[in-house]
**Student:** 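This structure is in structure tokens; I'll ask about it shortly.
First listed ligand is number 1; within each ligand, the first listed atom is number 1. The residues of the chain are indexed from 1 along the displayed sequence.
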Amino acid sequence: MLSLYSLLALATVVVGTAPPLQNSTGYWYEHINHNGISPTLPNGQNWTVFRNVKDYGAKGDGSTDDTTAIQRAISMGDGTRTRDAGGFGSTTQPAVVYFPAGTYLVKSTIQSAIGTVIMGDPTNLPTIKASPDFAGTYILIGRDQHLSGLIGFFHGVKNLVLDSTSVPATRTIALLEWSVSQQNLLSNVVFKMPIGAVRHTGVATQGMNSALIINDLQFNGGGVGVQLASTQYHLKSLHFKDTEIGIRFVNNLQATAQGLTFDGCSVGIDASGSKMLSVIDTTATNTSVVVSAAATTGSLVLENVIVDDSVSATIQTNTTIALTGSVLPNTAWIRGNIYHANSTSPHSSPSGSLIPVSRPTALVNSTTYFYHTLPPPTYATTPLSSVMNVKSVPGYPVAGDGVQDDTASLQAIILNSAATATAAGATNTDTLLYFPHGIYLLSDTLHIPPGTRLIGEAWTQLSAKGAKFADADQPRPLIRVGREGDVGVVHMSDFVLTVAEVSPGAVLMEVNMAGAEGPGDVGFWNVHFRVGGAEGSSVRANMGCGRPEKCLAARLSLHLREGSGSYWENVWGWTADHELDGDSSGGGGAEVYPGVAGGFLVEAKNGTWMLGMGAEHNVLYQVNINKAENVFIGLQQGESAYWQGKGNTMLAPAPWTESLLASDPDFAWCGENDAECRMGLYQRISHSKNVNVYSGGFWNFVAGPNRAMCTEECQNNAALFDSNEKMYVYGFSTINNRNLILEKRSDGNVTAVATAADNAGTALDGFRTASIAAYFRQNE
Ligand SMILES: *[C@@H]1O[C@H](CO)[C@@H](O)[C@H](O)[C@H]1NC(C)=O
Ligand SMILES: *[C@@H]1O[C@H](CO)[C@@H](O)[C@H](O)[C@H]1NC(C)=O
Ligand SMILES: *[C@@H]1O[C@H](CO)[C@@H](O)[C@H](O)[C@H]1NC(C)=O
Ligand SMILES: *[C@@H]1O[C@H](CO)[C@@H](O)[C@H](O)[C@H]1NC(C)=O
Ligand SMILES: *[C@@H]1O[C@H](CO)[C@@H](O)[C@H](O)[C@H]1NC(C)=O
Ligand SMILES: *[C@@H]1O[C@H](CO)[C@@H](O)[C@H](O)[C@H]1NC(C)=O
Ligand SMILES: *[C@@H]1O[C@H](CO)[C@@H](O)[C@H](O)[C@H]1NC(C)=O
Ligand SMILES: *[C@@H]1O[C@H](CO)[C@@H](O)[C@H](O)[C@H]1NC(C)=O
């Protein structure tokens, strides 16, 4: 055990002094020693993670053409090959392409690559500015050119200004191409476009993607702020000023728009291509129409939408004004089918109406009644002297190389950092622990006490390995955040938690503590869970994971325990269905079959906020809200384990039958041999109260041992609701599921409440869609 004094001494040793850089604002990340690696590439010890564009020749002076220099920084590979040729793998080529303050003129498109975070100095946002003679349709293509949007994971863009104000309004241009799926990051970006330039688009997407969230963005001018084609999206804290149309849904099944502001827009949201949309906690000023929707299709929910007198229509359906004025707290305007507890027939509201509703007071601001939200921390004001690189602490060797066991050193560094914070009398510690990119192998639980802030780099991996995680009957956390009764601050950003080998006892994270001051004290941003399918893990198809019962790869991704309260934003729990690395494109693709029991287990009572959340391919459930209270879910995306379904003989709860927990569903409502019933639930909400959910997108594309493509219903049940009090579930959408919601009655009878047949949507790409606007269980 280190003494407090030795830690204080070491804190001053490791940080060093900042190298003198031009235009430096002193942002710690620009100056800290960067010793991240790519552990699994040949010569990966020499892989360059941090790339300051100025080191590659960019000037940032507003007049030099920096296109080539920026592209060089992105594309640099291992000295033999460049990344733009493809083939490096999806998880093995981490890069942070960093822009110091300045204006970077570009004359043609910048092309990103998988594994890349394009990032500026948050203390003085750098601008990437298109020249007047810019050639190309996009300023920045934020995704890899070799991979389709549906497998477009691991890209980031943050702390930047993208600027098309010098490009003539007559030119068609989009500032960012962002056709991506889960585990991507787009936040703290300003999109500057000429006012009235209807051909300029801020964020453009194409095809069909499976994205989770974009958040904390500012749009000025232009024709369309965000143009969306995806299965689902959470749009959080987007601000539009003088943009013709803020958001346009070209084709989208399920979305939540939360915390938006529209000022000086013609139309806030063009929802004509949206099947189900919840708009909450949104303000419109000097804007003609807040939501424009198709006349008859598409379910719609508005809750807490505040408009000023200039707004002529809060909702316009084609040419008809459907609603004027604000939708005040404790009411929702709902169009679509609404189900109430104990009833199998919906109240249908085809042209929309205002309905009394409520929110759990523990989750909202008591003045505005808006849900609490927070921007992702940038630690812009944290001095370099307060940041500790965990790979540079003398006496505590940490390798992050996927080989060495880093448990003991990391635990000592973390405990002593928290002790320093506590000694300084602070609950909100100033110390920030920086984990350069790598794979940090952990052979036992890493305890994170109150007073700890951790930040990774292009998804730093924390990976379970060893006997401690091997017992299916002894679930053990890999990361334990606080102990029962603890109160204080823990922050984590930019990590992925994973397993290095089959680990039937591994619970990747357990949270026990709550905040003292408010929501976000215990906060997780861009922290994800991944089981298998990647380099650095033996949970691979060719290493014994070709059958789920032979590959109980982990117990659970995340467990939020009873006394905990936490804020989650941008979180994907993915049990691998395919390989991410390998093959000629580098995108992998081979099938893999881990059998992981569950995704997210929420038993927390002290306030849980989950924004932009997805959980996929687990055996028993994707999300299980059990005996919980005060839970907000902005958006949940889910997909089944693809091997479950017709023809499969490993029927849930198998292969976990012998190791079920009290919180696990038992599938007693299914026939013994009913393979289309004995499939993981996307969402189970049981014995809980004060649960408000705004979007659920639950998709089944392929099913059964041969992974046959579903062209009709392939799964019986999407969700099970059992003995809850006070809950509001809005926007529940499915693909290829027969029953949207099962209700378990007090006599034990399990009844299908909302069926796909009663709520059929239009077919999408040959799949059968269904959607309801709301399900309520009120405590009348
Ligand atoms: C940044 O450095 C350039 C020279 O490299 C200089 O011309 C410019 O004025 C500097 N900008 C700031 C904001 O200091
Ligand atoms: C890294 O590069 C140095 C010199 O540039 C070389 O000596 C060393 O062998 C390289 N290490 C690996 C693992 O390739
Ligand atoms: C309203 O927005 C329009 C369009 O952007 C702008 O021209 C006008 O000045 C704004 N009016 C006010 C009162 O802000
Ligand atoms: C909306 O109105 C336009 C005419 O203004 C008409 O062409 C279109 O078919 C209508 N769409 C719907 C969905 O009713
Ligand atoms: C609640 O909202 C008000 C008005 O926007 C704001 O001033 C206040 O800081 C918020 N309170 C909390 C706890 O976020
Ligand atoms: C959690 O909620 C309970 C019940 O409201 C309360 O007694 C307790 O103090 C809360 N704990 C924390 C850490 O906020
Ligand atoms: C639904 O049924 C339960 C008994 O199963 C009853 O306690 C509850 O009051 C009913 N709720 C409504 C809204 O009818
Ligand atoms: C369960 O409830 C449904 C609908 O209320 C009813 O049709 C069915 O007969 C009940 N089943 C049993 C076993 O009680």
**Student:** Does this structure show an ion pair linking K158 with D216, if we count only N-O contacts that are shorter than 4.0 Å?
**Tutor:** no
**Student:** Residues in side-chain contact (heavy atoms from CB on, under 4.5 Å) with N630, at least two apart?
**Tutor:** P360, A362, L363, N690
**Student:** For T368, counting its heavy atoms only, list the atoms of ligand 5 lying under 4.0 Å from any of them.
**Tutor:** 2 (O), 4 (C), 5 (O)
**Student:** Output the list of atoms in ligand 6 that are nearer than 4.0 Å to some heavy atom of V487, sorted by atom number.
**Tutor:** 13 (C)
**Student:** Using 4.0 Å as the upper bound for N to carboxylate O, is an ion pair formed by D281 and R359?
**Tutor:** yes
**Student:** Can you find an N/O atom of D486 closer than 3.5 Å to an N/O atom of ligand 6?
**Tutor:** no
**Student:** Could you list which atoms of ligand 6 come closer than 4.0 Å to a heavy atom of A514?
**Tutor:** 13 (C)
**Student:** Applying ring pair (Phe, Tyr, Trp, His ring centres under 6.0 Å), name anything that partners F524, two or more places apart in sequence or on another chain.
**Tutor:** W568
**Student:** Is a side-chain N or O of Q411 found less than 3.5 angstrom from the main chain of H447, in a donor-acceptor match?
**Tutor:** yes
**Student:** Identify all N/O pairs between ligand 3 and the protein with a separation under 3.5 Å and present them as a table of atom names and distances.
**Tutor:**
residue, atom, partner, partner atom, Å
ligand 3, 2 (O), N286, ND2, 2.3
ligand 3, 5 (O), D242, OD1, 2.8
ligand 3, 5 (O), G264, O, 3.4
ligand 3, 11 (N), N286, ND2, 2.8
ligand 3, 14 (O), N286, ND2, 3.3

**Student:** Is a salt bridge present between E725 and R777, judged by a nitrogen-to-oxygen distance below 4.0 Å?
**Tutor:** no
**Student:** Where the side chain of W572 meets the backbone of V527, is there a donor-acceptor pair that is under 3.5 Å apart?
**Tutor:** no
**Student:** Residues in ring pair (Phe, Tyr, Trp, His ring centres under 6.0 Å) with Y775, at least two apart?
**Tutor:** F721
